[in-house]
Amino acid sequence: MEIEKDKTPYQKIDVALVFIVILLGAVSVIAIYSIQPSLPAKLQNYNFVGKQVVWYLIGFVAIGVTMIIDFDRFKNFSWYLYGFGLILLLGLEILGPSKIAPDINGAVSWYVLPVIGNFQPAELMKIFLIILLSQIIANHNELYPDNRTLREDFILLGKLVGTTAPPLLLILKQPDLGTAIVVASILGSLLLVSGIRWRILFSLAASVISGIGLLVFIYFKNPEFITTYVLKAHQMNRFYGWLAPHEFSSNYGFQLIKAMLAIGSGQLQGKGILNGQVYFPEAHTDFIFAVIGEQFGFIGASIVISLFFLLVYRMIHAALESHDPYGSYLCTGVIGMITFQVFQNIGMTIQLMPITGITLPFISYGGSSLLTSMIAVGVVLNVRSRTRKYMFGN
């Protein structure tokens, strides 16, 4: 017997997940407010708190819109969304650098549009890719339900890698290594639940690790090859600043040293709101976790990390409860995207990971990244609210 049979998807919404997002929004607003006085003079006239609140309101509208259509119908226009995303990425390649697609911090990753402001198409592409890759896996597993052969596993692997490659290469061309790694994490998370044999996945992982090891070996033998054909100069500088920040304290390692100093000086309870004493650039975007660590201490940072754990837990719960494999794959892609971004952003402030331009989901200031995260939550809520519950089994 089905429970809650007559309720609409909006009545069956995961209230706990929505409440966690609201709490993360409150943390974001407080953190950005605490940063405002310490921002450079040229940014003092910008009301980042007000803009963040507006983006959150737009994000909740986006969640509502995302939930209107049954998630199973995403399949009908997944390829159109994917094609639209590719066109936007190609537009950056064709138009940039220019007034519409300027070079910002060494990368052509943004459109500058009237009214909207800066818009990063790679953020939306992450959602489009999750929708399409999930559909490919669901359709393939439906076509080959039992006793799948090795050949059929390789066909699925080829489909997934082939679909991910074009946007991944375009994002790397910008160059935006951070977002490219997030795209790779989405692919990796979906590969884990795709049904492909583990020995194939282990072999693939071993090949990737071996490739990275080969690049490291080549770098020590011929560093010019890496800087010419693999990584740009500013990307290599980030690795220098990560591995030896104190040797490059005046340039490449400056941000990392300041971030660790801010987090360490916060100690247990922090210095208090508006009492930040460590200055570093991009405090309201990429390094907002360091600000939280300084002003709210270990306790505040732990609360933020706990909220992310609860967020991912609710998403895993939605993925496991879904009776539709396509819904489970959608949730898995979102989990992979958000989990890696949180790990990368927090990790780069404590020297666990190299510094990239990845923001902290739901916390960092930014329209494109926040809107993408909210749409991702909307996808999970869509799956969760359309999962039927039965009193006696399925």
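Keep in mind that the numbers below use all heavy atoms, side chains included, and drop hydrogens, waters and symmetry copies.
- Applying the side chain to side chain contact (heavy atoms under 4.5 Å, CB included) test to F77 and every residue at least two apart in sequence or in another chain returns I69, F74, Y80, L81.
- Residue L160 comes nearest to S194 through the heavy atom pair CD1-CB, 4.5 Å, listed as atom of the first residue, atom of the second, then distance.
- A donor-acceptor contact closer than 3.5 angstrom links the side chains of N141 and Y329.
- The two residues I137 and L156 have their closest heavy-atom pair at CA-CD1, 4.1 Å.
- Identified under the side-chain hydrogen bond (donor to acceptor under 3.5 Å, both in side chains) test for residues 199-213, with sequence neighbours left out: none.
- The salt bridge (Lys or Arg N to Asp or Glu O under 4.0 Å) contacts involving residues 148-164 comprise R148-D153, D153-R197, where partners must be two or more places apart or lie in separate chains.
- The closest side-chain donor-acceptor pair between T356 and Q344 falls under 3.5 angstrom.
- A donor-acceptor contact closer than 3.5 angstrom is absent between the side chains of Q120 and S109.
- Contact check for P245 versus Q351: side-chain heavy atoms found under the 4.5 Å cut-off.
- Residues S385 and M67 have side chains in contact (heavy-atom distance under 4.5 Å, counting atoms from C-beta outward).
- Side chains of V108 and D176 form no contact here, defined as non-hydrogen atoms less than 4.5 Å apart.
- With sequence neighbours left out, Y46 forms a ring-ring contact (aromatic ring centres under 6.0 Å, His included) with F48.
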Tabulate below the donor-acceptor pairs under 3.5 Å that side-chain atoms of residues 266-278 make, not counting sequence neighbours, or state none.
from	atom 1	to	atom 2	distance (Å)
K271	NZ	S265	OG	3.0
K271	NZ	E294	OE2	2.9
N275	ND2	K271	O	2.9

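- Scanning for side chain to side chain donor-acceptor pair (under 3.5 Å) contacts around S189 gives an empty result, with sequence neighbours left out.
- Applying the side chain to side chain donor-acceptor pair (under 3.5 Å) test to S78 and every residue at least two apart in sequence or in another chain returns Q135.
- For the pair W55 (side chain) and L370 (backbone), a donor-acceptor distance under 3.5 Å is absent.
- Minimum heavy-atom separation, A180 to L168: O-CD1, 3.2 Å.
- Residues V183 and K126 are in side-chain contact: their nearest non-hydrogen atoms beyond the backbone lie under 4.5 Å apart.
- The heavy-atom pair separating L190 from S134 by the smallest distance is CD2-OG, 4.1 Å.
- The shortest distance between side-chain heavy atoms of L124 and I375 falls below 4.5 Å.
- Of all non-hydrogen atoms in P354 and M348, the two that sit nearest each other are O-CB, 3.6 Å.
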For a quick test of your reading: what N or O donor-acceptor pairs under 3.5 Å do the side chains of residues 256-263 make, sequence neighbours left out?
none

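- Checked by atom type and distance alone, the side chain of T359 never pairs as donor or acceptor with a backbone atom of T285 at under 3.5 Å.
- Both I200 and F202 are members of a single hydrophobic cluster when ILVMFWY side chains are connected at heavy-atom separations under 4.5 Å.
- A 6.0 Å sphere centred on OH of Y33 holds no more than 12 heavy atoms belonging to other residues, nucleotides or ligands.
- Between N345 and F289 the shortest side-chain heavy-atom distance falls below 4.5 Å.
- Screening residues 83-133 for ring-ring contact (aromatic ring centres under 6.0 Å, His included), with sequence neighbours left out, gives no hits.
- For Y144, the ring-ring contact (aromatic ring centres under 6.0 Å, His included) partners are H140, not counting sequence neighbours.
- Residues D286 and Q255 form no side-chain contact, since every pair of their non-hydrogen atoms from C-beta on lies 4.5 Å or further apart.
- Note on L92 and I87: separate hydrophobic clusters, where clusters join Ile, Leu, Val, Met, Phe, Trp and Tyr whose side-chain heavy atoms are under 4.5 Å apart, directly or indirectly.
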Distance-only donor-acceptor hits, side chain of residues 14-31, under 3.5 Å, sequence neighbours excluded:
from	atom 1	to	atom 2	distance (Å)
D14	OD1	A16	N	3.2
D14	OD1	L17	N	3.2
D14	OD1	R314	NH2	3.3
D14	OD2	R314	NE	3.2
D14	OD2	R314	NH2	3.0
S28	OG	Q52	NE2	2.9
S28	OG	I363	O	2.7

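- Residue I100 places its CD1 atom among 12 or fewer non-hydrogen atoms of other residues, nucleotides or ligands, all under 6.0 Å distant.
- With hydrophobic clusters built from ILVMFWY side chains whose heavy atoms lie under 4.5 angstrom apart, L371 shares a cluster with L113.
- Each of L133 and I155 belongs to its own hydrophobic cluster when Ile, Leu, Val, Met, Phe, Trp and Tyr are linked at side-chain heavy-atom distances under 4.5 angstrom.
- With hydrogens and angles disregarded, no donor-acceptor distance shorter than 3.5 Å links the side chain of Y56 to the backbone of K51.
- F254 is not connected to M353 by any chain of hydrophobic side-chain contacts under 4.5 Å among Ile, Leu, Val, Met, Phe, Trp and Tyr, and they are in different clusters.
- By the 4.5 Å heavy-atom criterion applied to side chains, Y326 and D72 are counted as neighbours.
- Pairing each heavy atom of I127 with each of A376, the nearest pair is CD1-CB, 3.7 Å.
- Taking K173 as the reference, E93 meet the salt bridge (Lys or Arg N to Asp or Glu O under 4.0 Å) condition, with sequence neighbours excluded.
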